[in-house]
Amino acid sequence: MRIPRIFHSSAISLNSEFNLDDDAANHVGRVLRMPVGSAITLFNGDGFNYAAVISSSDKKRVSVIASEQQPNTVESPLSIHLGQGISRGDRMDFAIQKAVELGVTEITPLFTERCGVKLDTERLAKRTEQWQKIAISACEQSGRSIVPKVHPAINLTQWLAQQTKELKLTLHPWAKDTIKTLAPSTGIRLVIGPEGGFTDAEMSQTSDAGFIGIQLGPRVLRTETAALTAISALQLQFGDLA
């Protein structure tokens with residue numbers, strides 16, 4: 001039986017009892033219904049796994065004892081910061097979940113002219129919290145121990161203006177370059193448009209900001225498919241996908 005991987009947001013001390021976070025305790029105690037003595041693997045974003053057992057459990061809390069810190073070497077040598085145009089419904093959730101599984105290191109949701117999503121300050125804060133939880137859940141599932149940061153959403157212009165030494169890429173159906181023609185890189189900043197795509201003015205903005213247009217092939221892909229296809233191809237070319 002596979003040992004569940006559980007995220008714990010605080011520092012983890014060995015050989016001393018501590019309570020899991022509320023979300024983790026709810027998942028372990030109420031969803032998985034794991035009894036005292038069950039083995040779990042904890043991680044907190046520091047890059048390690050921690051072997052632990054459940055020492056006590058009730059309706060309100062779950063306590064554990066971690067016995068061993070274990071190195072985790074699943075992180076890709078390729079760093080990818082994904083700027084993802086915000087899409088409607090669960091498409092954005094799906095894109096974030098799968099991007100984390102594929103090894104991205106940072107995600108910034110982007111407001112664009114055609115994103116079609118309007119969020120006030122309170123709703124945006126809740127969505128950002130939800131997106132971060134999706135990233136954590138994807139790490140639990142995929143075996144990662146470093147949790148990608150989901151940054152607060154900003155508009156495309158702000159994100160393009162950020163200073164970086166990473167290789168900057170965007171998708172363009174008529175681009176002459178492909179991922180196979182790019183020079184090797186260990187750091188990439190990838191921007192993906194929303195469901196309606198970038199406007200001509202926004203495409204010009206990306207070009208003016210130094211983003212290289214690349215094409216993935218002859219077919220038109222949905223925004224969430226485009227992001228995952230591009231990340232997969234980049235990991236295959238420069239990262240750790242076999």
Which heavy atom of [X] sits nearest to which heavy atom of [Y], and what is that distance?
X: Ala226; Y: Leu171; result: CB-CD1, 3.7 Å
X: Pro148; Y: Glu106; result: CB-N, 4.4 Å
X: Ser76; Y: Asp240; result: CA-OD2, 3.4 Å
X: Thr112; Y: Pro194; result: OG1-CG, 3.0 Å
X: His81; Y: His151; result: NE2-CD2, 4.0 Å
X: Ala24; Y: Ile6; result: CB-CG2, 3.5 Å

Applying a strict under-4.5 Å side-chain criterion to I, L, V, M, F, W and Y, I'd like to know whether [X] and [Y] cluster together.
X: Leu190; Y: Ile179; answer: yes
X: Leu236; Y: Phe238; answer: no
X: Phe7; Y: Val100; answer: no
X: Leu234; Y: Leu241; answer: no
X: Val150; Y: Ile136; answer: no

Consider only side-chain N and O atoms of [X] and [Y], and report whether a donor and an acceptor are under 3.5 Å apart.
X: Thr41; Y: Gln70; answer: no
X: Thr223; Y: Glu195; answer: no
X: Thr157; Y: Gln205; answer: yes
X: Glu68; Y: Asn49; answer: no

So, the side chain of [X] versus the backbone of [Y]: is there a donor-acceptor pair under 3.5 Å, distance only?
X: Thr199; Y: Glu202; answer: yes
X: Lys168; Y: Ala209; answer: yes
X: Ser204; Y: Asp200; answer: yes
X: Ser38; Y: Met34; answer: no
X: Asp21; Y: Asp23; answer: no
X: Glu17; Y: Ser55; answer: no
X: Arg5; Y: Phe43; answer: no
X: Asp90; Y: Asp93; answer: no

- Which of Lys133, Arg127, Lys126 passes salt bridge (Lys or Arg N to Asp or Glu O under 4.0 Å) with Glu129? It is Lys133
- Query: Under the side-chain contact (heavy atoms from CB on, under 4.5 Å) criterion, do Thr170 and Ile212 qualify, and how do the steps go?
  - Reply: CA-CA 6 Å; Thr170 188; Ile212 300 170; over 6 Å; no
Neighbour count above 12 (heavy atom, 6.0 Å) for [X] [atom1]:
X: Asp177; atom1: CG; result: yes
X: Arg114; atom1: CZ; result: yes
X: Asp58; atom1: CG; result: yes

Could you check if a side-chain atom of [X] sits within less than 4.5 angstrom of a side-chain atom of [Y], using non-hydrogen atoms only?
X: Gln162; Y: Arg189; value: yes
X: Trp131; Y: Pro109; value: yes
X: Val64; Y: Tyr50; value: no
X: Val53; Y: Ile40; value: no
X: Leu42; Y: Leu20; value: yes
X: Gln84; Y: Ile96; value: no
X: Pro173; Y: Val220; value: no

- Query: When you check the gap from the basic side-chain N to the acidic O, do Arg91 and Glu224 get nearer than 4.0 Å?
  - Reply: yes
- Item | Pairing of Glu101 and Lys98 as salt bridge, 4.0 angstrom limit | yes
Roughly how far apart are [X] [atom1] and [Y] [atom2], rounded to 0.5 Å?
X: Ser63; Y: Arg61; atom1: OG; atom2: CZ; value: 7.0 Å
X: Asp22; Y: Lys60; atom1: CG; atom2: NZ; value: 11.5 Å
X: Asn44; Y: Ser145; atom1: CG; atom2: OG; value: 8.5 Å
X: Arg30; Y: Ser57; atom1: CZ; atom2: OG; value: 10.0 Å
X: Leu182; Y: Ile188; atom1: CG; atom2: CD1; value: 7.0 Å
X: Gln130; Y: Met92; atom1: CD; atom2: CE; value: 10.5 Å

- What do the steps show when you test Asn72 against Phe48 for side-chain contact (heavy atoms from CB on, under 4.5 Å), and what is the final call? CA-CA 5 Å; Asn72 191 5; Phe48 293 94; 6.0 Å; no
- Side-chain cluster (under 4.5 Å, hydrophobic types only) that Leu110 belongs to, other residues: Ile154, Leu156, Trp159, Leu160, Val191, Phe198, Met203, Phe211
- Evaluate the side-chain contact (heavy atoms from CB on, under 4.5 Å) criterion for residues Glu75 and Arg144: first the C-alpha distance (whole Å), next the side-chain angles of each, then the deciding distance (0.1 Å), finally the verdict. CA-CA 7 Å; Glu75 293 300 318; Arg144 297 184 64 180; 2.8 Å; yes
- side-chain contact (heavy atoms from CB on, under 4.5 Å) between Glu166 and Ile80, intermediate numbers included: CA-CA 9 Å; Glu166 298 167 315; Ile80 301 176; over 6 Å; no
